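First up is the structure itself, then whatever we jot down about it.
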Amino acid sequence: MPVLVVPDAEGGRLLPFSGSTVGERSVDSLATALAEDPVTRWVWSDTAAAYPPVLAAGTRVARCHDLALTEALLLGYDGRWGEPASVAAAWARLRGLPVPADQPPAEADERLTLFGPAPVRLPAGADPMQVAAAVYADQLDRIAATEQPARFGLLVAAESAGALAAVELTAAGLPWRSDVHAAALERLLGPRTSAGVPPQRLAELSARIGAAFGRRVNPDSPADVLGAFSAAGHTVESTRSWVLRKVDHPAVPPLLEYKKLARILAANGWVWQERWVRGGRFRPEYVPGGVVSGRWATRGGGGLQLPKVLRGAVCAEPGRVLVVADAGQLEPRLLAALSRDEAMTAAAEADDLYAAIASRSFAGDRARAKIGLLGAMYGQVGGGAATPLAVLRERYPVALHLLEEAARIGERGGLVRSHLGRTCPPVPEDWAPWDAAARSRGRFTRNFVVQATAAEWALVWLALVRTGLATVDGAELVSFVHDEIVVQAPVESGAAITELTRQSADRAGRLLFGATGVRFPLDVAAVSCYADAG
DNA sequence: AAACGAGGCGCC
DNA sequence: AAAGGGCGCCTCGTTT
């Protein structure tokens, strides 16, 4: 039986969810009480607020139901995306009271000082336990009333499990060798300089750019660079790298090099290290449900965008290994499973789906098969995707039809859903289906069905891996980026965890789609350094 | 001085 | 080869 949990300053209150108030008890320590019962699903308002103190006290929770995340999913399902989703708001809607706005999330730094759950703003006289019970009961009814209750229930469970994993990942952080990072920065940029002073390599490149133009140019200013090219007789539409690469001018090579290095300095330089690396770990804050498609976001440090050139700084700690598992070609595989296109499912039985498609329709030209398939999922119509798209439409009509139908619904301002029922946001009030807006919306909904389904597959995968890890001493999740999981574990359990990630991927596929021919092969490597994976 | 949009680029 | 989906976050340059 699920148990409702209402944290308070000292501990909290617990109530088995039976429809009555019988059996409520107060505990001095939630961590102790929750640790005594490793099977129960704990129902609470907000995992991000309730779980950190419990985890900090040493208790890992196996399962929960996050009322706020579930409320957001249910509101979205009804086309009410973005309405306040806190328990207080859900309760106010149930009672016909004014709905309080969601509180903005506390800054990460702020949260470290303000330890403990954020206050739930309920009207005076409302008992938080009764509110939680009422909202939970209502949510169960609404889940049961969806078109596919079993699927939506799985979505809610996965979203809630993800919230637990996110708190654990935020607490754990990613092993980070600051010395290795600093050495890489010095090799690329030169010795560290004080704030506002460009490092040696950037200064050199800046001088070369100025020499090539015959005047001083600020490479950080697109307007200045554009003006310099114009004065030199080159009309360039922007200063994007791929545009500049086509321009024949001596300033281009140092400019491209400058952009690359300046980016590393700004995004992941010495200042970044001081701000975001603590105790040998890089600590982004993971935000489940932070993206409309159900992907996670992170707050702080750009946690989902670690540049590949710096991944050498991610090193397993002594006696341990990093198991890096990546679900390759996830989106086209999910397209096959979603659409049940037989020909594409046959291709998805291969380890390399793009190669399988290429060998059947593109005379083995894998690159063209990939361009065509990505173009189909992203809504590209012209360019190099046009011809491969026509070939795919001929050969995989069922899969392509699913995408084109999603696009058509979007172009008309309609809603689409993922496989488990996550629903895209509605168009704004003032939206009108004029050409460009309709096409843009069509590309969004076309991509949404695939990206959101990929996100939920990955969430289920993560939840299964997390559950499996509970029985491996010393194993911890240290990174999750859309379709990649990194676990740090004692060297001797590397093989078992590799196997766990593979089995979990298979199970995730079966949980979402039942028995299909679509396989979800992983690239898994047990390494001592992140840079050595993949 | 602070807020904001645009341009740009890292990741998936 | 070409520029289509989702983000976070930097700098620049303008507006408030």
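So you know, we letter chains A, B, ... as the sequences are listed, proteins then strands, and number each from 1. Predicted model only: the values in this text are computed from it and were never measured.
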> For A:Arg393, which residues count as a side-chain hydrogen bond (donor to acceptor under 3.5 Å, both in side chains) partner, sequence neighbours excluded?
Replying inline: A:Glu404

>> Reading DNA chain B from 5' to 3', where do the contacts with chain A start and stop? Cut-off is 4.0 Å to heavy atoms.
In response: B:dG7 to B:dC12

> Which residue pairs pass the ring pair (Phe, Tyr, Trp, His ring centres under 6.0 Å) test when at least one of the two sits in residues 401-443 of chain A, sequence neighbours left out?
Replying inline: A:His419-A:Phe513

Side-chain polar contacts of residues 523-534 of chain A - donor-acceptor pairs under 3.5 angstrom, sequence neighbours left out - could you list them?
residue	atom	partner	partner atom	Å
A:Tyr530	OH	A:Glu484	OE2	2.3

>> List the residues meeting side chain to side chain contact (heavy atoms under 4.5 Å, CB included) with A:Ala455, not counting sequence neighbours, and say none if there are none.
In response: A:Arg295

>> How many whole angstroms separate atom CZ of A:Phe362 from atom P of C:dA1?
In response: 16 Å

Identify each donor-acceptor pair in which a side-chain atom of residues 205-217 of chain A lies under 3.5 Å from a protein atom, sequence neighbours left out, and give them as a table.
residue	atom	partner	partner atom	Å
A:Arg215	NH1	A:Asp224	OD1	3.4

Tell me which donor-acceptor pairs under 3.5 Å the side chains of residues 72-79 of chain A have, and how far apart each pair is, sequence neighbours excluded?
residue	atom	partner	partner atom	Å
A:Tyr77	OH	A:Glu147	N	3.0

>> Over all strands shown, is A:Arg311 touching base, sugar-phosphate only, or nothing at heavy-atom distances under 4.0 angstrom?
In response: sugar-phosphate

> Tell me, for nucleotides 2-10 of chain C in 5' to 3' order, what letter each nucleotide earns: B for a base near a protein heavy atom under 4.0 Å, S for only sugar-phosphate near one, - for neither?
Replying inline: SBBBBSBSS

> Partners of A:Asp351 by side chain to side chain contact (heavy atoms under 4.5 Å, CB included), sequence neighbours excluded?
Replying inline: A:Arg519, A:Pro521

Pairs under 3.5 Å (N/O, protein and nucleotides 13-16 of chain C):
residue	atom	partner	partner atom	Å
C:dG13	OP1	A:Ser221	OG	2.5

> Does any N or O in the side chain of A:Asp102 come within less than 3.5 Å of the main-chain N or O of A:Ser86, such that one atom is a donor and the other an acceptor?
Replying inline: yes

>> Once side chain to side chain contact (heavy atoms under 4.5 Å, CB included) is applied, do any residues pair with A:Val381, and if so which ones, sequence neighbours excluded?
In response: none

>> Checking A:Pro425 now: which residues fulfil side chain to side chain contact (heavy atoms under 4.5 Å, CB included) with it, not counting sequence neighbours?
In response: A:Trp81, A:Val292, A:Phe444

